[in-house]
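Read the structure below first, then the notes.
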Amino acid sequence: MSNITLFNSAKAPAFVANAELSETTLALAGGVAGPGVKRVSIKGGVFRLVSGGKEIANIEDRHLDVIVVKAAPKVSRIFYAGKYDKDAAAVAPDCWSNDGDNPDKSIKTPQASTCAKCPQNIAGSGNGNSRACRYQQRLALVLANNPSGDVLQLTLPATSIFGKGEGDKLPLQAYARWAGSQTPPVNLDMVVTRMKFDTTAESPKLTFAPQRWLTEDEYETVQDKAQSVEAQRAVLMTPAAADGVTKTAPMLLEGKRPDAKAEAEEEEAPKPKKKAAPAVSEDEEPEVRKAAPKAEAVPAKKGKLADIVADWDDE
């Protein structure tokens, strides 16, 4: 019998009791440790439920009520060297950063030593005047009508993170600032948040607004979810890793990459050219490169949220 078989995690010492999955363990596991993460995609301006890289269902409603369980502490970055190819297999990103400052330690050949010095962070490195390396914010969510259900990853593009917004149509950072400015401060894990597609935007863009306070039972459930391994994975993994994709696009002899299918939740909307800024502004949307959405893996079910949630929990 092997040592792994004999190892009994139930007899862990006290210091392990509240341990969370570390970035080191994820990196050494190739970005995947244990079962994959179920996630919500906003590809094509539709809420899609994805498991193992396959679309299980999509939701006809233009809004989705959720509870924010956990968030990555910083805005991340992600870069694909290859262009979109609908016939290519899904591949992992070429470079990414969980903190937005330094490439992930698991990357064998990072694009630069730091994100600030990276040539992919220069205006014009992507399509038009955009940057090839895109900003993302990862959240761990639960559905508001099923707080004890699966923790879901949501990866937001820059258009849903930055900007001022107005009324009940706020991008994520403006929404969080509004909540924190209330008296007493409102934490996002205390309320049900409604995510809505901005129908005036040319690319998938979400806005956020509060709906109601959680009940005490819901709040306790959410606090437990925030400490779970699933929540930790959701905010640390790239969507490719969440889907179980670890393969990178092969290198050609001349050192160039073939076209590769990239995980993309949005297509870049036309916008006026801007000068590159040395840092991310709270209210100004960083530019992102154009990336076509990934081809459908399996036929997806459609329906109202109430009908879909039951099917989702059975997967």
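- Salt-bridge formation is detected for the pair Glu218/Arg212: a Lys NZ or Arg NE/NH1/NH2 atom is positioned less than 4.0 Å from an Asp or Glu carboxylate oxygen.
- Looking at every heavy atom in both residues, Pro204 comes nearest to Phe197 through CB-CE2, 4.4 Å.
- Using a 4.5 Å heavy-atom cutoff, the side chains of Pro171 and Ile161 are not in contact.
- Thr114 places none of its side-chain heavy atoms less than 4.5 Å from the side chain of Asp101.
- Atom CD of Glu216 is surrounded by 12 or fewer heavy atoms from other residues, nucleotides or ligands within 6.0 Å.
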- Any chance you could lay out the side chain to side chain contact (heavy atoms under 4.5 Å, CB included) test for Asp224 and Thr221, step after step, and finish with the verdict? CA-CA 5 Å; Asp224 289 340; Thr221 297; 5.7 Å; no
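- Side-chain contact between Pro239 and Gln153: present, with at least one pair of heavy atoms (C-beta onward) separated by less than 4.5 Å.
- Annotation: side chain of Ser97 is in contact with side chain of Cys115 (closest heavy-atom distance under 4.5 Å).
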- Query: Between Leu139 and Val235, is a side chain to side chain contact (heavy atoms under 4.5 Å, CB included) present by the stated rule, with each step listed?
  - Reply: CA-CA 6 Å; Leu139 301 177; Val235 300; 5.9 Å; no
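- Side chain of Asp94 to main chain of Ala81: a donor-acceptor pair is present (N/O by atom type, distance under 3.5 Å, no hydrogens or angles).
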- Task: Applying side chain to side chain contact (heavy atoms under 4.5 Å, CB included), run through Cys133 and Gln111 and close with a yes or a no.
- Result: CA-CA 10 Å; Cys133 188; Gln111 297 294 303; over 6 Å; no
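- With values rounded to the nearest 0.5 angstrom, Ile78 atom CD1 is found 5.0 Å from Thr238 atom OG1.
- Scanning both residues, Cys118 and Ala112, for their nearest heavy atoms gives CA-CB, 3.5 Å.
- We find the CG-OG distance between Leu170 and Ser160 to be 12.5 Å, quoted to the nearest 0.5 Å.
- Under the 3.5 Å distance criterion, the side-chain polar atoms of Arg194 are left unmatched by any main-chain donor or acceptor of Leu64.
- With values rounded to the nearest 0.5 angstrom, Ile122 atom CD1 is found 12.5 Å from Ser130 atom OG.
- In the hydrophobic clustering of ILVMFWY residues, with side-chain heavy atoms under 4.5 Å counting as a link, Leu141 and Val46 come out apart.
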- Item | side chain to side chain contact (heavy atoms under 4.5 Å, CB included) between Lys38 and Val50, worked out | CA-CA 6 Å; Lys38 293 179 179 179; Val50 178; over 6 Å; no
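- Remark: side-chain polar atoms of Ser125 are paired, donor with acceptor, to backbone N or O of Gln120 under 3.5 angstrom.
- The two residues Ser113 and Pro103 make their nearest non-hydrogen contact at O-CD, 3.4 Å.
- Under 4.0 Å is where a charged nitrogen must lie from a carboxylate oxygen, and between Asp243 and Arg39 at least one such pair does.
- Counted by atom type alone, Thr193 and Tyr175 present one or more donor-acceptor pairs between their side chains at under 3.5 Å.
- Judged purely by atom type and a 3.5 angstrom limit, Arg138 uses its side chain to pair as donor or acceptor with the backbone of Met237.
- Ala234 approaches Ala140 most closely through the heavy-atom pair CB-CB, 3.8 Å.
- Between Asn121 and Arg77, the side chains place a donor N or O and an acceptor N or O closer than 3.5 Å (distance only, hydrogens not considered).
- Between Trp178 and Pro210 there is a side-chain heavy-atom pair separated by less than 4.5 Å.
- The distance from the CD atom of Glu166 to the OG1 atom of Thr207 is 10.5 Å, given to the nearest 0.5 Å.
- There is a side-chain donor-acceptor pair under 3.5 Å between Asn58 and Glu55.
- The two residues Phe47 and Met195 make their nearest non-hydrogen contact at CZ-O, 3.6 Å.
- In the hydrophobic cluster analysis, where Ile, Leu, Val, Met, Phe, Trp and Tyr join through side-chain heavy atoms closer than 4.5 angstrom, Leu188 is grouped together with Met190.
- Between the CD1 atom of Ile42 and the CG atom of Leu154 there is a distance of 6.5 Å, given to the nearest 0.5 Å.
- A salt bridge is absent between Asp99 and Lys74: the closest approach of a Lys/Arg side-chain nitrogen to an acidic carboxylate oxygen does not fall below 4.0 angstrom.
- You'll find the side chain of Trp96 reaches within 4.5 Å of the side chain of Asn98, heavy atoms only.
- Shown here for Ala240 and Pro93, the closest heavy-atom pair between the two residues is CB-CD, 3.9 Å.
- A side-chain donor-acceptor contact under 3.5 Å links Asp189 and Gln223.
- For the pairing with Leu143, the side chain to side chain contact (heavy atoms under 4.5 Å, CB included) check across Leu152, Leu49, Asp150, Val40 returns one residue only, Leu152.
- A distance of 11.5 Å separates OG1 in Thr159 from CD in Glu202, rounded to the nearest 0.5 Å.
- When each of Thr215, Val66, Ile67 is tested with Pro147 by the rule side chain to side chain contact (heavy atoms under 4.5 Å, CB included), just one qualifies, namely Ile67.
- Inter-residue side-chain proximity for Val75 and Phe162 is flagged as met; some heavy-atom pair is nearer than 4.5 Å.
- A heavy-atom distance below 4.5 Å is not found between the side chains of Cys95 and Thr109.
- Judged by distance alone, the side chain of Lys225 and the main-chain N or O of Gly149 form a donor-acceptor pair under 3.5 Å.
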